[in-house]
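The structure appears right after this line, and notes come after that.
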Amino acid sequence: MKRVNVGLMGMGTLGTGSYKILDMNRETIAKNSGCDIRFKRILERDTTRDRGIEVPMDLFTQDPEEIFNDPEIDIVIEVLGGIEPASTFMLEAMRHGKHVITANKAAIAADYDTFINTAKENNVEFRFEASVGGGIPILNAITTVLGANQFTEILGILNGTTNYILTKMTEYGLSYDTALQEAKEKGFAEPDPTADVEGHDVANKVSVLMALAFDTYIHPDNIPTIGITGITPEAIEEAKHENCVIKLIGKAKKNEDGSLEYSVAPMKLSKDHPLASVSNEFNAIYITGNAVDELMFYGKGAGGFPTGSALMGDVIEIAKKIRMEDK
Ligand code: HSE
């Protein structure tokens with residue numbers, strides 16, 4: 001069986017999730033890819049943390065060059081988070097002929113064209129399903145089976161942390177701080193949760209979604225963004241009385257004249273709206289195409305296993321291509 005080697009950059013929640021998924025579902029992944037996929041090197045400083053799985057010590061390195069310069073590594077998964085050094089590492093991996101997979105919406109949204117062009121120039125794949133909606137296969141859907149559509153609107157609950165906080169404040173009357181602390185402990189929040197609660201994480205995801213659905217890249221700084229830090233228990237109670245819930249919504253719309261509207265903001269949704277019942281760390285993307293009409297994708301938008309599922313799905317897609325090219 002064709003061996004495909006992966007270099008993993010980052011062994012936090014997402015790296016550990018991906019590693020465990022390969023361990024747990026090795027036979028299924030081998031069957032679906034036709035390849036024997038292995039983690040060959042892991043860039044990570046913290047080699048001793050209890051991750052709930054045995055990782056051979058000789059896999060760890062603290063030198064990214066050991067991944068770039070290893071001719072046996074075919075694919076690099078970047079899950080370091082943050083824009084730098086993650087972006088430099090991904091571009092460097094591409095220049096060394098490695099296919100790159102990432103969950104890093106902040107890095108992609110900050111410099112989308114550079115990633116796409118560098119991947120093309122180096123004839124490698126750049127896949128980022130895990131960057132939007134965690135385990136929800138929305139990007140692959142937009143770029144493959146929905147390819148016969150022109151998209152007109154996307155409405156999304158795209159951040160697990162804020163949806164978790166709003167749900168706990170609404171359903172259990174938890175304070176904002178307690179709910180945020182829980183979201184952090186469950187591994188949903190970004191290392192600096194400011195990006196979650198101020199809406200920047202959703203703006204990054206709206207930017208990625210628009211690049212694929214509308215073929216237009218908008219830098220997240222240009223997406224009007226309001227987070228949830230101003231949402232008070234009183235506002236939540238008021239919405240309840242109006243038979244509504246407050247959700248942080250990422251929105252992108254293509255008007256008939258081709259102009260685009262986009263924003264991130266808390267919105268009062270009637271309890272009848274399909275997005276109103278999306279709770280806790282769950283995400284949902286409600287998308288309208290001119291052929292398929294309305295669709296809703298629902299699933300866990302954060303966490304090691306759901307996001308690891310999307311990362312490993314991208315690994316399988318690339319491994320299949322490597323195998324075919326080898327024939
Ligand atoms: N911090 C993000 C969230 C992680 O809470 O949704 C997934 O992108």
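What's counted below: heavy atoms across the whole structure, side chains too, no hydrogens, waters or symmetry copies. Both counts, for ligands and for their atoms, begin at 1 and track the order of listing.
Summary of contacts: the protein heavy atom closest to atom 7 (C) of ligand 1 is G301 O, 3.3 Å. From the protein, the heavy atom lying nearest to atom 6 (O) of ligand 1 is G160 N, 2.7 Å. Nearest protein heavy-atom neighbour of atom 2 (C) of ligand 1: E190 OE2, 3.1 Å. Considering only non-hydrogen protein atoms, atom 5 (O) of ligand 1 sits nearest to T161 OG1, 2.6 Å.
No option in L174, T162, V278, N280 other than N280 meets the side-chain contact (heavy atoms from CB on, under 4.5 Å) test with T167. Paired with Y217 under the rule ring pair (Phe, Tyr, Trp, His ring centres under 6.0 Å), one option of Y112, Y262, F115 passes, and it is Y112.
Residue A189 touches ligand 1 through its backbone alone, judged by heavy-atom distances below 4.0 Å. Of the heavy atoms in K105, only side-chain atoms (C-beta onward) come closer than 4.0 Å to ligand 1. Using a 4.0 Å cut-off between heavy atoms, N159 contacts ligand 1 through both its backbone and its side chain.
The 12-atom threshold is exceeded at CD of E261, counting heavy atoms of other residues, nucleotides or ligands nearer than 6.0 Å.
K251 has its side chain out of reach of V206: every pair of non-hydrogen atoms, C-beta onward, lies at least 4.5 Å apart. M11 places none of its side-chain heavy atoms less than 4.5 Å from the side chain of F39.
Residue contacts with ligand 1: K205 is placed with a nitrogen or oxygen under 3.5 Å of a nitrogen or oxygen of the ligand (distance criterion only).
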Show, in sequence, the C-alpha distance, side-chain angles and deciding distance for D192 and T194, and conclude whether the side-chain hydrogen bond (donor to acceptor under 3.5 Å, both in side chains) test is met. CA-CA 5 Å; D192 175 3; T194 313; 2.6 Å; yes
Intermediate values then yes/no, ring pair (Phe, Tyr, Trp, His ring centres under 6.0 Å), F214 and F151: CA-CA 7 Å; F214 299 146; F151 297 102; 7.3 Å; no
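With hydrogens and angles ignored, the 3.5 Å screen pairs no side-chain donor or acceptor of E129 with any backbone N or O of D314.
Residue-ligand proximity, D196 to ligand 1, at heavy-atom distances under 4.0 Å covers atoms 1 (N), 2 (C), 3 (C), 5 (O). Under a 4.0 Å criterion applied to the non-hydrogen atoms of F188, ligand 1 contributes the atoms 1 (N), 2 (C), 3 (C), 4 (C), 5 (O).
The shell of residues lying under 4.0 angstrom from ligand 1, judged by heavy atoms, excludes E281.
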